[in-house]
Each structure stands twice: as structure tokens, then as C-alpha cells.
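Okay, structure first, notes after.
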Amino acid sequence: MSGFKSEFLKLLDERGYIHQASDLQGLDELLSKETVTAYIGFDPTGKSLHVGHMMGIMMLKRLQQAGHKPVVLIGGGTSRIGDPSGKDEQRQLLTDEDIAANMASIRSSFERYLAFGDGPADAVMVNNADWLDELRYIPLLRDVGRHFSVNRMLSFDSVRLRLEREQPLSFLEFNYMILQAYDFVELSKRLGVRLQMGGSDQWGNIINGIELGRRMAGIELFGLTCPLITTASGAKMGKTAAGAVWLNEDMLSSWDYWQFWRNTEDADVGRFLKLFTDLPMEEIARLEALKGSEINEAKKVLATEATAILHGRKAAEEAAETARRTFEEHAFASALPTVEVPAQELEEGMGVLAAFVRAGLCASNGEARRAVTNGAVKVNDRSVSDPHLVLGITDVTSEGVIKLSFGRKKHALLKPR
RNA sequence: GGAGGGGUGCCCGAGUGGUUAAAGGGGACGGGCUGUAAACCCGUUGGCUUAGCCUACGUUGGUUCGAAUCCAACCCCCUCCA
């Protein structure tokens, strides 16, 4: 599966993005001949995107790198239905206000990865609510519904699994695939889109769009999916101590984002470097060849490069430097997450447990208490064994802060104000 | 509409009157080993002003000295019948 002519497919292939495609040869042909417009759909179901969306975002980035035009489709219309794929329960329906707020909040993340504008290869963002909201039922049934066989729809994984497990599937959700297929055709008319990409779980939906395009409009569309990314030990990617790995800085700091990549499993480093950084292949090959504890070098590069794309080179290097001081020199680093507290509170005395909750390192006093009991808590790098310990102004170091540590990896600073 | 089965902690799942903040597993977190890895071993895993108190086994009420466990009504899910 190599020997592609087009720069885009070569890029995707050597970096490991290709899982399945509808007509690779035809697509390769097209991509090497003209500027192709391609899209991926994203549901505005949260305030921020997370690493689970990274594959899609990076594919669009590669597309643009190869000189083609990326379209970010926001599923403002379809997210009011909910994709039934792989879920046993119906998704909660979002209000229009939620969706609008989420869209605005997500947009800035895309701008980190893609250059938006009016040029031929500039990215654009569209919302399928713009056309789905206006659809009329009878015309839709006649124009689109006639091309869908219920027998076939029932055979798709997204539907079949629900039925087999005897989980309810509403008619609303059953329509999702029709609308997603319609999106593809509509985008081809509006923006000349020829290619839809997505995760492997979207294969069925993408194929539907391709067929609908042929039947409704006689146009030839293409589909390409990427593999579902799990860690080498099989876990779904994208969890940290703090929860999901969000892309919005206000939900996950660049420090935590850097840490997420730094903690990649050995066996994943090469793969992730290819997928999530812009480093040239030769450089990645060099890093991949490292053995044993040297792999840590590769992980640092991965963390810094991945963070630089999202939060900027400066923030990435600051995170790297903070990590170096904290973990390698066990020294003080002022760029650790810092929480300000009124100086008066410290003068009056603050319980260790409360301090850890305040700093966001523990969710409750109980958790902090257990952490102390387990010997996991340090203040100014000294172990704490007494949950009744009270921190005061005398605990403030010469740097003007109190350093709190939970375990070896989680640190924060308390700063009197 | 009728008959039966079921709703337990983040998830799965045991538990049928007190010894149950609730077995076991998964996940998560912490410790050990290491390299801020994996695997493995150990520990923790409702909240609080923690020798105690509060909240919790679909919801609401009841029986009882005492209920996740018994009773009633209601809500939701599943199976079979209409």
C-alpha cells in the first residue's frame, strides 16, 4: 500500500493515518491533479475539543500542508440528534445555546492547527445547521430517503449493535446516518468537497455519503478513515490525572498538556511522533531508535513539539524547562501551576488538607487525608504524615510560595497575595 | 392492557432484617521497582469539624428497636402474551 503519487497520501501513509479508503487509486489520482477540498465533521458536544479529536485535526493539517483545502464541518444540526455509534444509550440532547457556545469555544483550537481564510488552500469552517435546519420533510424523503434501504441501514454496526444488545434506538438517532450522508452531498455542491475523512467508526457514514452523492447527483466522492488510536497497552487515549485531555488552555494548562505527552508509553512514542508532531521523518527515525531510558529524550521532544503546535513554542519550552527543574533537578520551578490565596488566610493558618484541595491537587479533604495517610503528600519537598498539620506564613519559602506535591508527578504552588 | 424479571457505589456485579459505607472484578489514584514508561507487587477508592457524625442501594411513604434487604404506591428498563 505504498507508491502514492500525491504528496498528501504519501504523507498520510508514511505517518500512519490510513486505515481504510473507498478508492485509493482514484483518490491519489485526483489529489495529484488538482487542489482537493476535504472535510471532517466534529460535534460541538463539549466546550473544548480533546485529544480524541487530534487524529481528525491532524489529518486536516496534513491536508493543508500538502496544498489542499480543509473544511471543518461543525455538526450544529446533527449534534441535536446524536450519533448512535458505539453507544448503548441515547445521548443527551443539547440546547441551541449550548451548541452555539461550544462552537465559539472550539473554534480557537482549530485556528492553532489550520490557517483559515479565503485563499484556495485556506481552511473554512461551516455549520451543517445552516442547511439541515431548513430541510423540509417531504422533499427530503423523496430526494434522499428513496436512496436509503432500511434493510441496509439496519445492518450498519451503529444500528445493529444497539439492536443486538436490545438497547433502545430512537427514530431520531436512526436518522443520523441519513443526515450525515446528506451533509457530504451538500458540501460537495456548496464547496466542491470531494473527500470526507474521519475515524474508522465513521466508515459506514462516509460510505453512505459517497453512495448518496452518486445516486442523487452523479458525482464521485471519496472517503478515507484513520485508525482508532489506543495506547500500546490497549487503553483509550486521552486521560490524565485531571481527567480528559482538553485542548482549550482554560480547561487544561499547557503544563498539564505537556505532561500528558511526556507520560506516553515507550511503545507509543514513535507512532505518536509521526501522528502528532511536524518533525521530519528522518528525525523521528533517529528518536525511535533510542533504547531504554534514552527513550525519555524522545518523549520530551514529543511533548514539546505537540504542545508547541497547540499552545505555542514559548509555552511548550517553558513547560519543558519547568519539568526539567522539577523532575530532573528536584529543584524549585516557579512556573508550576500556581494558586493565589489571601495572605491573611495563611497568617491565620491553613490546614494541609484544605491547602491541597485549594490547589486543585485533591478533590476533597477526605482524598487529601488518605493521601497523607498513604505517605503521598509533600510540602516544600518534605513528607507530611500528620493530617492536622497547619500551614502558616512561616512555610512560605524564599521564593515566596509554598510548594505542594501529591505523589511524584503532581505539583502546585500556593502563593500568598 | 395482562403476566413475569429487574433498577446497588465511577462501571460491572454480589448481597434478601442487625456483624454492610455494602463481597468480588474493572477502572482510577497512591506506594514499591524503574527511566515522570510498560509489566509486576502492595495500598487506597462517599462526605465531614474523623476514637464520632452525616449521606447512600430507582422515587415516596410504611412495618420494625433496627431495612439495600419486608410491605404499599409510583417512575423507568427488559421478556412473554394481547
Side-chain angles (χ1 to χ4, degrees), chain A residues 86-90 92 162-170 230-245 253 255-273 287-304 306-307 316 319-331 333 335-337 348-379 381 383-390 403-412:
Chain A
K87 297 182 187 60
D88 273 352
E89 282 172 26
Q90 184 171 345
Q92 235 186 338
R162 276 276 189 99
L163 296 180
E164 278 176 6
R165 291 186 206 162
E166 296 177 337
Q167 296 293 331
L169 175 74
S170 67
T230 54
T231 66
S233 43
K236 220 190 239 175
M237 199 181 145
K239 281 285 196 65
T240 61
V245 181
S253 68
W255 157 257
D256 283 322
Y257 190 73
W258 192 94
Q259 283 297 318
F260 166 73
W261 293 105
R262 173 63 182 83
N263 284 300
T264 297
E265 291 177 27
D266 284 10
D268 289 326
V269 177
R271 197 161 50 110
F272 287 0
L273 281 166
L287 292 167
E288 264 187 304
L290 297 173
K291 293 274 182 281
S293 61
E294 289 182 334
I295 294 175
N296 286 326
E297 284 313 308
K299 290 185 191 180
K300 288 180 214 165
V301 174
L302 169 65
T304 301
T307 305
E321 175 59 14
T322 300
R324 193 184 64 73
R325 284 199 214 157
T326 305
F327 291 107
E328 293 177 28
E329 294 179 2
H330 301 284
L336 286 170
E348 287 164 4
M350 179 184 280
V352 242
L353 307 184
F356 273 77
V357 174
R358 194 65 170 275
L361 292 173
C362 293
S364 68
N365 280 15
E367 188 186 329
R369 185 185 310 278
R370 286 190 292 270
V372 170
T373 311
N374 284 341
V377 161
K378 284 182 183 162
V379 172
D381 295 319
S383 285
V384 173
S385 55
D386 177 14
H388 297 292
L389 180 73
V390 174
K403 183 179 174 188
L404 305 178
S405 308
F406 176 28
R408 287 167 303 161
K409 293 188 188 179
K410 283 176 268 185
H411 307 277

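Chain identifiers are assigned alphabetically (A, B, ...) following the order of the sequence lines, protein sequences preceding nucleic acid strands; residue numbering begins at 1 within each chain.
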Ranking B:U36, B:A37, B:U49 by distance to the side chain of A:A323, first place goes to B:U36
Contacts of A:F406 meeting ring pair (Phe, Tyr, Trp, His ring centres under 6.0 Å) (sequence neighbours excluded), chain-then-number -> none
So, is A:K291 close to the B:A37 phosphate, meaning a side-chain N or O under 4.0 Å from OP1 or OP2?
-> no
Picking from B:C29, B:A37, B:U36, the nucleotide nearest the side-chain atoms of A:K410 would be B:C29
Under the rule of Watson-Crick or G-U wobble with both distances under 3.5 Å, where | means paired to another strand and [ ] a crossing pair, RNA chain B maps to ((((((((.[[[..)..(.....]]]((((((.......))))))(((...)))...[[[[[..)....]]]]]))))))).
Point to revise | Distance between P atoms of B:C77 and B:U8 (Å, rounded) | key: 15 Å
- Task: For nucleotides B:G62 and B:U69, find the distance between their C1' atoms and express it as a whole number of Å.
- Result: 15 Å
Euclidean distance for P, B:G66 against B:U19 (whole angstrom): 14 Å
A:K300 atom NZ is separated from B:G35 atom P, nearest whole Å, by 13 Å
**Prompt:** What do the steps show when you test A:D256 against A:S253 for side-chain hydrogen bond (donor to acceptor under 3.5 Å, both in side chains), and what is the final call?
**Reply:** CA-CA 5 Å; A:D256 283 322; A:S253 68; 3.3 Å; yes
Regarding the side chain of A:N296, the nearest nucleotide among B:G30, B:U50, B:G35 is B:G35
Here the distance between atom C1' of B:G43 and atom CD of A:E367, to the nearest Å, is 15 Å
**Item:** C1'-based separation of B:G9 from B:U20 [nearest Å]
**Value:** 13 Å
note: A:K378, atom NZ; B:U36, atom P; distance rounded to Å ~ 13 Å
Against the side chain of A:R370, the closest entry in B:C48, B:A37, B:U45 is B:U45
A:L353 CG to B:U49 P, in whole Å, measures 8 Å
Testing B:G35, B:U50, B:G30 for proximity to the side chain of A:A376, the answer is B:G30
A:F260 atom CZ is separated from B:A28 atom P, nearest whole Å, by 13 Å
Is the distance from OP1 or OP2 of B:C29 to the nearest side-chain N or O of A:N374 less than 4.0 Å? no
Below 4.0 angstrom, N of the basic side chain to O of the carboxylate: do A:E297 and A:K300 qualify?
-> yes
Checklist entry - Does a salt bridge link A:D381 with A:K378, judged by any charged N lying under 4.0 Å from a carboxylate O? => result no
By nearest-heavy-atom nucleotide on RNA chain B, the more 5' of A:R324 and A:S364 is A:R324
Between A:V352 and the options A:N365, A:V379, A:V357, the side chain to side chain contact (heavy atoms under 4.5 Å, CB included) test singles out A:V379
| message | Whether the side chain of A:N365 and the base of B:G47 hold a donor-acceptor pair under 3.5 Å is what I'd like checked. | response | no
*Does A:E294 pair with A:K291 as a salt bridge, N-O distance under 4.0 Å?*
no
| query | Can you find a donor-acceptor N/O pair under 3.5 angstrom joining the side chain of A:Q259 to the base of B:U36? | reply | yes
With sugar-phosphate meaning primed atoms plus P, OP1 and OP2, does A:W258 contact a base, only sugar-phosphate, or nothing at under 4.0 Å between heavy atoms? base
Q. How are the rings of A:W261 and A:F272 set to each other: parallel, tilted or perpendicular (split at 30° and 60°)?
A. perpendicular
Check: Heavy atoms under 4.0 Å, any strand shown: does A:T373 hit a base, just sugar-phosphate, or nothing?
Finding: nothing
When rounded to whole Å, the CD to P distance for the pair A:E265 and B:A39 reads 6 Å
With C1' as the reference atom in both, quote the distance from B:A56 to B:G7 in angstrom, rounded to an integer. 15 Å
Which of A:T304, A:T307, A:N263, A:T322 passes side chain to side chain donor-acceptor pair (under 3.5 Å) with A:W258? Answer is A:T304
From the candidates B:U36, B:A37, B:G43, the one with an atom nearest any side-chain atom of A:K299 is B:A37
Considering only the P atoms, how many Å lie between B:A51 and B:G5, rounded to the nearest integer?
46 Å
Discussion item. Measuring only the C1' atom in each nucleotide, how far is B:C70 from B:G1? A whole number of Å is fine.
Written reply: 29 Å
Whichever of A:F406 and A:S293 has the more 5' nearest nucleotide on RNA chain B, that residue is A:F406
Rounded to whole Å, the CG-P distance (A:D268 to B:A38) equals 10 Å
Inset, instruction - Taking atom P in both B:C11 and B:A23, compute the distance separating them and give it to the nearest angstrom. - result: 15 Å
Atom CZ of A:R262 and atom C1' of B:U34 are separated, to the nearest Å, by 12 Å
Donor-acceptor check, side chain of A:K299 to backbone of A:V269, threshold 3.5 angstrom: yes or no?
no
